[in-house]
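As structure tokens, the structure follows; a few thoughts come after it.
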Amino acid sequence: MISSMNPFTGKSIKSYKELDASGIEEKLSGAKSEFLKWKKLPVLKRLDLLTQLSHTLYENKNQYAQKITEEMGKPISQSVAEIEKCAWVCEYYASNAESFLKDSVIDTDAISSYVKYEPLGVILGIMPWNYPFWQVFRFAVPTLAAGNVCLLKHASNVMGCAFLLEEIFLKSGFPKGCFQNLCVGSEMITDIIQDSRIKAVSLTGSEAAGSSVAVTAGKQIKKTVLELGGSNAMVIFEDAQIEETIKSCVDGRFLNTGQSCIAGKRFLVHKKIESVFLKKFKQAVMELKIGDPMNEETYIGVLAREDLAEDLGNQVQKSVKQGAKILCGGNRKGTFFEPTLLTDVHTDMPVFQEETFGPVAAILSFETEEEMVKLVNNSKFGLGVSLFTEDMERVERLIPQMNEGAVFVNSQVKSDPRLPFGGTKKSGYGRELSKQGIMEFVNKKTVYINKY
């Protein structure tokens, strides 16, 4: 059985019976059968269903948001925003997928030559709990629009969301085999990936999970897209607009109670404004509304599981033993972890070298651009970096030096349907969203036509 528990109340929500071998076979068989029909459906027919999917989300956003908050503790206002973002990605691909998938004509010495984009088949999505709707939608929507079908292996602690997601696709008119939930544990994933009907895998999750899936898929010569961990730096230069920068830093670190791969986790502050920044950052953090995630005014809720809070606490404690100072916060009770700012952080501390998945910010200072670049790149991760400055010449000079999947200027790093999303180094490979995202799971078929 797979069980979900409310991390705020500690009460069990529901247990779900795992699929046995025959149940998995039924899902795989149904997916392959539907793909043979779905891929032949005109693109615009598929996109009409995406439009209906966005309507379903908007019309029921409060209901769906409650399930997110109930299962993983996200503050309810942020859960509603997550549903709205899912509707946005549906609208984006409904409007743009047809043009993305058009044949690309290439001028050669042939009568006609072009690249045709065709779906691969059944795509497995292995998704995390921190954004239980958004992570799934940003994988599934472009994948379905391209003519593939999806099987979802969701995180066990949000299995209620997983079943609800399948229901939402059916309610919006998608055929039964287009999007199916696999209620299975992680131990079943290897066998599922090895099945010949699975053509590719998209995983958002930990470095360990990504490595394991990549090995299994690689042995089968199957493509993978991996969106893994991150330890983004937020760099605050001496000329930054401090009030606006503080707002971005608070949201960039503490949204979703800090449980985000693209959250700003390492804060690099120019020495000239270090004292001012620390004072204002601390004040803003201490004013954050903490409480019941179901309260619309709550900004900081709880972490999704108690073991996650324990792990975060250990990272903080080890760093403090190595010399870090707690500017505010640092306390934990059950799944609740107090918003925490750490100063006097050094590069060998866990809060700098590891991903901190919760409301903890590690703060360092720098004096020169060269010093800052070394600090930013001193990480095994490479999802993104934020630069706060009014000097655009500096920005252009620094962008090529950042070993990251994204550089955001005067903004926290965020995912946007219009922009490709993904990382470098241990943060994974491949891209989601935008035109690049829909191209991950298609066969780019070269066509060359000549006459005798």
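Note that the structure is a prediction, hence the values are computed from the model and not measured. Here, residue 1 is the first one in the sequence, and each next residue gets the next number.
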Practice item. Inspect the contact between Glu338 and Lys333 and indicate whether a charged nitrogen and a carboxylate oxygen are less than 4.0 angstrom apart. Key: no
Practice item. Answer yes or no: is there a donor N or O on one side and an acceptor on the other, between the side chain of Thr224 and the main chain of Val201, under 3.5 Å? Key: no
Review point. Do the numbers put Arg418 on top of the ring of Tyr92, so that NZ or CZ is under 6.0 Å from the six-membered ring centre and no more than 45° off the axis?
Key: no
Check your understanding: How about Tyr64 and Tyr58: are their ring centres within less than 6.0 Å of each other?
Key -> no
Check your understanding: With no hydrogens and no angle check, is any side-chain donor or acceptor of Gln353 less than 3.5 Å from a backbone partner on Thr347?
Key -> yes
Exercise for review: Measure the spacing between OG of Ser365 and NZ of Lys271 and express it to the nearest 0.5 Å.
Suggested key: 3.0 Å
Review point. So, Arg138 and Glu440, do they make that salt bridge, N to O below 4.0 Å?
Key: no
Point to revise | Sidechain-backbone polar pair: Asp239 side chain, Asp391 backbone, donor-acceptor under 3.5 Å | key: yes
Practice item. Could you tell me whether a side-chain N or O of Asn410 sits under 3.5 Å from a main-chain N or O of Thr389, the two making a donor and an acceptor? Key: yes
Practice item. Would you confirm whether Asn148, through its side chain, and Val122, through its main-chain N or O, come within 3.5 Å as a donor-acceptor pair? Key: no
**Study point:** Polar contact flag, side-chain donor to acceptor under 3.5 angstrom, Asp20-Ser22
**Key:** yes
Check your understanding: Between the side chain of Arg431 and the main-chain N/O of Ile438, is any donor-acceptor distance below 3.5 Å?
Key -> no
Check your understanding: Rounded to the nearest 0.5 Å, what separation is found between the CD atom of Glu71 and the CG atom of Asn6?
Key -> 9.0 Å
Practice item. Would you please classify the geometry between the Phe133 ring and the Phe137 ring as parallel, tilted or perpendicular, with 30° and 60° separating the classes? Key: parallel
Check your understanding: Pick from Lys67, His154, Met159, Met127: which one makes a side-chain contact (heavy atoms from CB on, under 4.5 Å) with Pro132?
Key -> His154
Practice item. Give me the ring orientation class for Phe281 and Phe254: parallel if the planes are under 30° apart, tilted from 30 to 60°, perpendicular past 60°. Key: tilted
Check your understanding: Under the 3.5 angstrom rule, does the side chain of Gln315 hit a backbone N or O of Glu355 as a donor-acceptor pair?
Key -> yes
**Study point:** salt bridge (charged side-chain N to carboxylate O under 4.0 Å, His left out) between Lys425 and Glu207, intermediate numbers included
**Key:** CA-CA 11 Å; Lys425 299 187 283 187; Glu207 180 186 341; over 6 Å; no
Review point. Where the side chain of Arg332 meets the backbone of Gly334, is there a donor-acceptor pair that is under 3.5 Å apart?
Key: yes
**Study point:** Arg253 NZ/CZ over Phe267 ring centroid, <6.0 Å and within 45° of normal
**Key:** no
Check your understanding: Roughly how far apart are Asp344 CG and Ile326 CD1, rounded to 0.5 Å?
Key -> 12.0 Å
Check your understanding: Are Glu82 and Lys85 close enough for a salt bridge, meaning some N to O gap below 4.0 Å?
Key -> no
Practice item. With Lys325 as reference, evaluate Thr343, Ile363, Leu341, Val345 under the side-chain contact (heavy atoms from CB on, under 4.5 Å) test and give the passing residue. Key: Thr343
Practice item. Taking only Lys NZ, Arg NE, NH1 and NH2, and the carboxylate oxygens of Asp or Glu, determine whether Lys374 and Glu371 approach each other closer than 4.0 Å. Key: no
